[in-house]
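Each remark here refers to the structure printed beneath this line.
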Amino acid sequence: MKNVIKNMVTNAAGLAFKNGLLPSDAIPDMEIEEPRHENHGDFSTNFAMVSASVQKMPPRKIAEILLASIEDPDGIIDKMEIAGPGFINFFLAPKAWYPFVQKIHQKGGSFGESNTGQGIKVQVEFVSANPTGPLHIGHGRGAAIGDAVGNILAFSGFDVQKEYYINDSGRQIRTLGRSVWLRLCLLLGKEIEFPEDCYQGDYIRDIAKELYQLTCSQYFAVASKSRNEVSQFRDEKKDISQLDKTDLEPTASMGEYLLGKPEAEAVEICAKYAADKILQGIKDDLVDFGVEFDRWFSEQSLYDSGKVQDAIKEFQSKGVIYEKDGALWFKTESFGDEKDRVVVRNNGLTTYFASDIAYHTEKFNRGFDRVIDVWGADHHGYINRINAAIEASGRKREQFDVILVQLVNLLRGGLPVAMSTRSGEFVTLKEIVDEVGKDAARFIFLSRSYDSGLDFDLEVAKEQTAENPVYYVQYVHARIAGIVTKACEQGILSDPADISEVANDLQILRLLAEPEELKLIKTLASFPEVIKKSADILHPHIVFTYLMSLASAFHGYYNRHKVITGHKELTMARLCLVCSVKQVIHNALNLLGVSAPERM
RNA sequence: GCGCUCGUAGCCCAGUGGAUAAGGCGUCAGCCUCCGAAGCUGAAGACCGCUGGUUCGAUUCCAGUCGAGCGCACCA
């Protein structure tokens with residue numbers, strides 16, 4: 001609808017210029033907005049004000065000329081007025097709105113879709129937690145946001161791929177292996193201290209215990225299954241199942257077997273087993289949370305395929321990498337970073353930044369026009385250096401966005417829950433989902449801008465009251481489902497599908513004349529614009545805000561008017577309206593990964 | 001010290017240049033013989049952290065300042 005108004009204004013300006021009423025044919029960057037106050041109309045534009053300087057006329061004068069030139073052959077405008085410093089307000093006729101109800105019934109689940117993305121290939125990378133421990137609440141917020149952003153972009157016509165980057169290389173994986181190995185040694189009765197710099201969590205003990213209890217043949221069965229399911233990314237040569245099996249007694253316990261191995265080898269086996277196990281757990285938890293990735297990408301694979309070295313060489317040949325103090329430095333400072341950064345240390349080992357450069361180069365080489373990373377706010381210091389890598393590899397900075405998600409405070413009944421990864425005391429995402437449910441958790445994560453920190457209170461999230469916005473919205477969906485059921489029981493509808501037939505009859509829709517009904521339709525009509533804006537600014541929470549206002553408009557209507565009345569045609573028209581509300585609620589919740597229940 | 005994000009009602013939060021700053025919680029007063037009260041209606045409550053600047057117009061942009069969180073490795 002905004003576009004319709006905008007075209008009217010643009011055409012009127014052109015006409016006025018042609019007729020010599022306006023000195024310039026310049027079309028400024030105007031806004032068509034929905035005014036805050038209803039008595040300012042359905043839409044208003046600042047055209048006259050932003051044109052004042054180029055037209056060299058007072059805004060109100062321009063507005064008068066423009067109004068005289070507006071053409072409205074379909075009569076969708078009831079009234080136009082000039083207000084304040086030069087706003088032009090448009091009051092639309094009710095008949096302008098009814099076609100949106102038809103459109104919702106026609107398009108169903110695809111109402112709100114657009115092709116603004118024009119098939120541009122975009123990758124959204126999110127979560128990407130190290131496979132050294134289970135996901136926690138912070139990962140949950142990132143998962144909800146990344147998933148929703150991906151959904152919204154896809155709905156807006158982008159070709160979206162969701163990806164998880166697995167940091168399966170480097171020191172933290174060795175530490176993981178050592179942690180499991182040492183726990184295993186303790187289980188086997190060795191008298192050692194468990195070091196502080198190892199992972200302390202109970203899940204490490206569980207994994208050690210598992211290894212301890214498995215026989216060698218069982219172990220290989222698990223390892224090989226796990227490889228097939230989890231680790232298609234992993235290079236064959238590195239895989240645990242490639243170890244020499246001939247020195248194994250199939251019935252011997254893995255614990256005994258590992259004890260007989262040199263420590264380095266035992267640690268490596270523990271590391272790979274544990275990383276696979278934990279990654280499988282992460283995958284399961286994400287599925288329970290409603291998140292599915294299109295691709296799982298291994299950091300190790302970048303080393304195995306030589307892409308890290310390739311990236312370094314490429315940058316050397318471009319002259320953006322130099323040697324100093326025995327290390328290789330990337331000139332990130334000349335791309336806007338605070339200082340240059342090391343990519344290869346003087347001991348010959350690459351830094352994490354080196355594989356990050358290779359990974360981001362790889363993303364674009366895979367054909368993505370646009371890359372979006374979702375990071376925890378504690379990583380904000382890396383934006384500049386990744387930007388540097390993007391530019392140095394010949395891409396444009398606009399092709400890369402980082403969504404920085406501020407941290408989550410976990411509370412229970414208003415009191416902070418102690419969270420310390422080092423001590424292993426933390427609440428996992430799985431525990432949260434089990435306790436409060438997927439829908440409530442996701443909805444809370446998406447309830448506000450990721451620019452702000454979030455307090456997540458387990459008690460509040462669990463309550464099925466007005467405190468909890470998810471039920472407020474889902475309730476609308478369930479309530480409408482209840483009304484339709486009722487209508488069928490009373491024989492008003494023989495089949496719910498009949499409603500869509502009625503939607504084609506504008507004469508019947510015209511019976512929707514109550515102010516609350518028009519307000520509902522206007523809210524429904526703005527859904528595509530909300531999606532467009534959300535995709536544009538990469539902020540999913542505005543879909544949340546929209547859902548709240550739509551739900552509010554519906555509840556207000558419901559409490560004031562009966563849908564099922566003695567008037568047959570009016571009843572059909574209202575059924576039509578509430579079913580379109582149900583559809584849009586469904587579409588919006590779907591984008592956020594929240595279910596739309598028929599009853600609750 | 002430098003950088004990033006954020007300061008809007010007792011509490012939470014929306015609003016990325018427009019006309020009287022939007023909701024929710026909490027408080028107070030009401031609404032179920034009637035399609036689902038997980039709902040609705042009304043009242044009270046805000047010099048949009050502070051000071052300047054840009055603009056016809058600033059909660060919004062810029063500079064400074066105060067406060068909160070998070071970062072500032074040849075760690076990952």
Side-chain angles (χ1 to χ4, degrees), chain A residues 31 33 35-37 39-40 44-46 49-50 52-53 58-59 83-87 89 130 132 167 169-175 299 324-329 337-339 341-353 355-356 376-384 402 404-407 409 414 447-455 457 460 463-476 478-487 489-490 492 533 537 539 541-542 544-545 548-549 551-552 554-565 571 574-575 578 599-600:
Chain A
E31 293 285 331
E33 55 174 17
R36 271 206 276 265
H37 301 282
N39 52 349
H40 291 144
S44 76
T45 181
N46 59 355
M49 281 128 76
V50 292
S53 59
F87 289 103
N89 296 336
N130 293 343
T132 55
N167 295 115
S169 159
R171 200 169 81 179
Q172 81 277 15
I173 292 291
R174 283 197 299 281
T175 303
E299 180 189 10
K324 190 181 92 182
D325 303 334
L328 292 183
W329 299 69
D337 199 5
E338 291 166 33
K339 50 177 274 196
R341 309 288 175 177
V342 169
V343 288
V344 181
R345 293 192 268 159
N346 63 10
N347 62 7
L349 295 176
T350 52
T351 62
Y352 184 84
F353 183 38
S355 52
D356 255 351
D378 51 343
H379 290 87
H380 63 76
Y382 297 84
I383 294 177
N384 283 339
V402 177
L404 268 191
V405 181
Q406 294 295 320
L407 305 182
N409 289 313
S447 68
R448 63 199 56 173
S449 168
Y450 47 70
D451 288 334
S452 296
L454 176 70
D455 286 343
D457 194 309
V460 173
E463 277 176 35
Q464 301 196 356
T465 67
E467 296 251 6
N468 205 336
V470 71
Y471 301 109
Y472 185 77
V473 174
Q474 287 183 324
Y475 189 53
V476 173
R479 242 182 173 177
I480 295 171
I483 296 171
V484 173
T485 305
K486 180 97 178 176
E489 282 166 8
Q490 294 190 356
I492 297 164
K533 184 176 178 192
I537 64 179
H539 269 281
H541 80 276
I542 70 171
F544 168 92
T545 308
M548 293 300 284
S549 65
S552 168
F554 174 79
H555 285 311
Y557 172 57
Y558 177 91
N559 272 279
R560 234 180 127 152
H561 302 286
K562 306 281 289 181
V563 171
I564 298 171
T565 66
T571 300
R574 288 185 172 173
L575 282 169
V578 299
R599 75 175 64 104
M600 37 197 292

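All chains are named by letter (A, B, ...) in the order of the sequence lines, taking the proteins before the strands, and each is independently numbered beginning at 1.
Residue contacts shown for A:Lys486 are limited to sugar-phosphate atoms, with no base heavy atom under 4.0 Å away. Counting any heavy atom pair closer than 4.0 Å across all strands shown, A:Thr571 reaches no nucleic acid atom. A:Ala478 comes within 4.0 angstrom of a nucleotide base, judged by non-hydrogen atoms across all strands. In this structure, A:Arg560 reaches neither bases nor backbone, as no heavy-atom distance under 4.0 Å exists between it and the strands shown.
With hydrogens and angles disregarded, a donor-acceptor distance shorter than 3.5 Å links the side chain of A:Thr485 to the backbone of A:Ala481. Judged by distance alone, with hydrogens and angles left aside, the side-chain atoms of A:Arg574 form a donor-acceptor pair with the main-chain N or O of A:Lys562 at under 3.5 Å. Side chain of A:His555 to main chain of A:Tyr472: a donor-acceptor pair is present (N/O by atom type, distance under 3.5 Å, no hydrogens or angles). Proximity of a side-chain donor or acceptor of A:Asn347 to a complementary backbone N or O of A:Leu349 within less than 3.5 Å is detected.
B:rA58 sits 15 Å from B:rC47 when the C1' atoms are compared, rounded to a whole Å. Comparing B:rC32 with B:rA38, their C1' atoms are spaced 15 Å from each other, to the whole Å. Of the P atoms belonging to B:rG49 and B:rG15, the separation is 15 Å, rounded to the nearest Å. Taking atom C1' in both B:rG26 and B:rU60, one finds a spacing of 29 Å when rounded to whole Å. Taking atom C1' in both B:rC61 and B:rG23, one finds a spacing of 26 Å when rounded to whole Å. Annotation: B:rC4 and B:rU59 have their P atoms spaced 24 Å apart (nearest Å). For the C1' atoms, the distance from B:rC35 to B:rG17 is 46 Å, rounded to whole Å. Nucleotides B:rC34 and B:rG39 place their C1' atoms 15 Å apart, quoted to the nearest Å.
Which of B:rC35, B:rA76, B:rA37 sits closest to the side chain of A:Arg171 comes down to B:rA76. Of the candidates B:rG36, B:rA76, B:rC40, B:rA76 carries the atom nearest the A:Asn130 side chain, counting heavy atoms from C-beta on.
Scanning all heavy atoms of the two residues, the minimum distance from A:Ile564 to A:Ile483 falls at CD1-O, 3.9 Å. Shortest non-hydrogen contact noted between A:Leu404 and A:Ala377 is CD2-CA, 4.0 Å.
Residues A:Phe353 and A:Gly482 both approach RNA chain B. Their nearest nucleotides, taken by heavy-atom distance, put A:Gly482 toward the 5′ side. Position along RNA chain B of the nearest nucleotide to A:Asn384 versus A:Met600 favours A:Asn384 as the more 5'-ward residue.
Look at B:rG69: its Watson-Crick or wobble partner, with both distances under 3.5 angstrom, is B:rC4. B:rA76 is unpaired under the criterion used here, namely a Watson-Crick or G-U wobble arrangement in which both key atom distances are under 3.5 Å. The partner of B:rC61, taking Watson-Crick or G-U wobble pairs whose two distances both stay under 3.5 Å, is B:rG53. Across all strands shown, B:rG26 has no partner, as no Watson-Crick or G-U wobble contact with both distances under 3.5 Å is found.
Residue A:Tyr475 places at least one side-chain N or O closer than 4.0 Å to OP1 or OP2 of B:rA38. Proximity of A:Tyr471 to the phosphate of B:rG36: no side-chain N or O atom is located under 4.0 Å from OP1 or OP2.
A:Leu404 has its CG atom 12 Å from the P atom of B:rC4, to the nearest Å. Rounded to whole Å, the distance from NZ on A:Lys533 to P on B:rU16 is 4 Å. The NE2 atom of A:His539 sits 11 Å away from the P atom of B:rU5 (whole-angstrom rounding). Taking atom CD1 of A:Ile564 as the reference point, atom C1' of B:rG36 lies 12 Å away to the nearest angstrom. Whole-Å rounding puts the A:His555 NE2 to B:rG39 C1' distance at 6 Å. One atom, OH of A:Tyr558, and another, C1' of B:rA37, lie 9 Å apart when rounded to the nearest Å. B:rA76 atom C1' lies 5 Å from atom CD of A:Gln172, rounded to whole Å.
Looking only at atom types and distance, the side chain of A:Ser355 has a donor-acceptor partner in the side chain of A:Glu299 under 3.5 Å away.
The CG atom of A:Asn130 lies 10.5 Å from the OG atom of A:Ser169; values are rounded to the nearest 0.5 Å. Atom OG1 of A:Thr45 sits about 9.5 Å away from atom CZ of A:Phe87, to the nearest 0.5 Å. Rounding to the nearest 0.5 angstrom, the gap separating the OH atom in A:Tyr475 from the OH atom in A:Tyr558 is 6.5 Å. Note that the CD1 atom of A:Ile542 and the CD1 atom of A:Ile537 stand 4.5 Å from one another [nearest 0.5 Å].
Glycosidic torsion of B:rC48 falls outside 90° of 0, placing the base in anti.
Remark: A:Asp337 engages A:Thr332, A:Arg341, A:Asn384, A:Arg385 in a side-chain contact (heavy atoms from CB on, under 4.5 Å) (not counting sequence neighbours). Considering only residues two or more places apart in sequence or on other chains, A:Thr565 meets the side-chain hydrogen bond (donor to acceptor under 3.5 Å, both in side chains) condition with A:Thr571. The side-chain contact (heavy atoms from CB on, under 4.5 Å) search around A:Thr545 returns A:His541, not counting sequence neighbours.
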Show me the protein contacts with nucleotides 64-74 of chain B, counting only N or O atoms at under 3.5 Å.
| from | atom 1 | to | atom 2 | distance (Å) |
| --- | --- | --- | --- | --- |
| B:rC70 | O2 | A:His380 | NE2 | 2.9 |
| B:rC74 | O2 | A:Asn346 | N | 2.7 |
| B:rC74 | O2 | A:Asn346 | OD1 | 3.2 |
| B:rC74 | N3 | A:Asn346 | ND2 | 3.4 |
| B:rC74 | N4 | A:Asp325 | O | 3.3 |

Could you list the protein-to-nucleotides 18-23 of chain B atom pairs, N/O on both sides, closer than 3.5 Å?
| from | atom 1 | to | atom 2 | distance (Å) |
| --- | --- | --- | --- | --- |
| B:rA19 | OP1 | A:Arg36 | NH2 | 3.1 |
| B:rA19 | OP2 | A:Arg36 | NH2 | 2.6 |
| B:rA19 | N6 | A:Ser44 | OG | 3.2 |
| B:rA19 | N6 | A:Asn89 | OD1 | 2.9 |
| B:rA19 | N1 | A:Asn89 | OD1 | 3.2 |
| B:rA19 | N1 | A:Asn89 | ND2 | 3.1 |
| B:rU20 | O2' | A:His37 | NE2 | 2.6 |
| B:rU20 | O4 | A:Asn39 | ND2 | 3.2 |

Please write out the pairs of protein N or O atoms and N or O atoms of nucleotides 10-14 of chain B separated by less than 3.5 Å, giving the distance to one decimal.
| from | atom 1 | to | atom 2 | distance (Å) |
| --- | --- | --- | --- | --- |
| B:rC12 | O2' | A:Arg448 | NH1 | 3.2 |
| B:rC12 | O2' | A:Arg448 | NH2 | 3.2 |
| B:rA14 | OP1 | A:Ser449 | N | 3.2 |
| B:rA14 | O3' | A:His541 | NE2 | 3.4 |

